[in-house]
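In what follows, every chain begins at residue 1, and chains take the letters A, B, ... in the order their sequences are listed.
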Amino acid sequence: MSITVTLSTTLRNQVPGYRPDQGLTLPWEGPQSLLDVAQALGLPLADIKITMLNGRWAELDTQVSDNDRVAFFPAVGGG
Amino acid sequence: MPCALRPYLTEETGLGAGSFLSINQPGIGAAAALLGLKAAPAMACLLRQNIWPRRFSRNRGVLTATEQARLLEARAAIIGCGGLGGYVAALLARVGLGALTLCDGDAFEESNLNRQLFCRESRLGRNKAEVTAEEIFSIASHVEVTVCPEAATAVNAAQILRGADIVVDCLDSIPARLAVEKAAHSLGLPFVHGSIAGEEGFAMITRPGERGLAAVYGGPPPSEAAEKRLGVPTVTPAALACLQAHLAVRELTGREPKAEALYHLDLSVPGLEALFI
């Protein structure tokens, strides 16, 4: 039982050894929210602008299930 | 079609489906004079009779003659002429937009040389919008270019966007993007957002009545800009600008679905995914 988590731009720096082509595989151990996942990874919550669950936008209090794909994005403004 | 244009026409075969007539560059000048039109509307008129300006003949197969004519009658406002905007301007000129508004208050500097298409050693210190206008003229002299050599703000954005059919966001700050999006939507215009940091980029079309960029950038701005920490390397703006130009053409030709999709380009994988906001 596991979930996959991908991180974008500066959030990647929060997890040493993060590999963009693989993302992170975390054990799924019963009910948890997207917020729980972000906190377990030590991500700075103020920097998370977009949270995606299986490719669709989701609130941080959304529950995560086995095999879900989670993605966290910060704001990016460069051009 | 008047006989006077016959010397400029060629029957093309072996390109895409079936044969078709193309008209060369001198022929476009002759047609414009005959029709009493400028070059871009004259080309649109020719396309409506299924005569392809040769410069666009390789677009055939992807664009129909009607779609190509529609692009020639459209104006895109490109706000920001740096890393994204230079490529977007060049691509939209080449694909066949009839008019461009180019807006940027900054001058080219040495640190732009790694990625900004029209930043050349000889152009350092010159305004980016003015230089881009010169370069566009050398690529596609028929494009009607309006230059705005000042920064777009909440105060002047609506004025700058006047006359445009679509707005392409090639800015480099989140507050400026939000201000220009607001002005675009107040004028009823679609807004093609693009932003980059490191090896990643984001593109999204927002339309009047949608939540727009607020869904992505709502709330307080980040303490430190991601692109300051991760840099803006050579290929990321080029790749993302291709995506923005493509989205702009799809929107102008009615091909882009009206879904709030955020495209995430990640060159570190590399991959492109559509996320639904």
Go through the atoms of [X] and report whether side chain, backbone, both or neither lie under 4.5 Å from a heavy atom of chain A.
X: B:Leu262; result: side chain
X: B:Leu230; result: side chain
X: B:Ala215; result: backbone

Looking at every non-hydrogen atom in both residues, tell me the closest pair between [X] and [Y] and how far apart they are.
X: A:Ser8; Y: B:Glu200; result: OG-OE1, 2.6 Å
X: A:Ala75; Y: B:Ile174; result: CB-CD1, 3.8 Å
X: B:Ser268; Y: A:Arg12; result: OG-NH1, 3.1 Å

Sub-4.5 Å side-chain heavy-atom contact between A:Phe73 and B:His264: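 In contact.
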Heavy-atom side-chain contact between B:Glu273 and A:Met52 under 4.5 Å: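 No, side chains not in contact.
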Toward chain B, the part of A:Asn54 with a non-hydrogen atom under 4.5 Å: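 Neither part.
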B:Arg207 CZ: over 12 foreign heavy atoms closer than 6.0 Å: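 Correct, the count exceeds 12.
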Atom pair CG (B:Leu275) and OG1 (A:Thr51), whose distance is rounded to the nearest 0.5 Å: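 Going from the CG atom of B:Leu275 to the OG1 atom of A:Thr51 covers 11.5 Å.
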Which of B:Leu240, B:Thr236, B:Val216, B:Asp169 touches chain A most, by non-hydrogen pairs under 4.5 Å: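 Between B:Leu240, B:Thr236, B:Val216, B:Asp169, the count favours B:Val216.
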Neighbours of chain B found in residues 20-29 of chain A - heavy atoms under 4.5 Å: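 A:Pro20, A:Asp21, listed by number.
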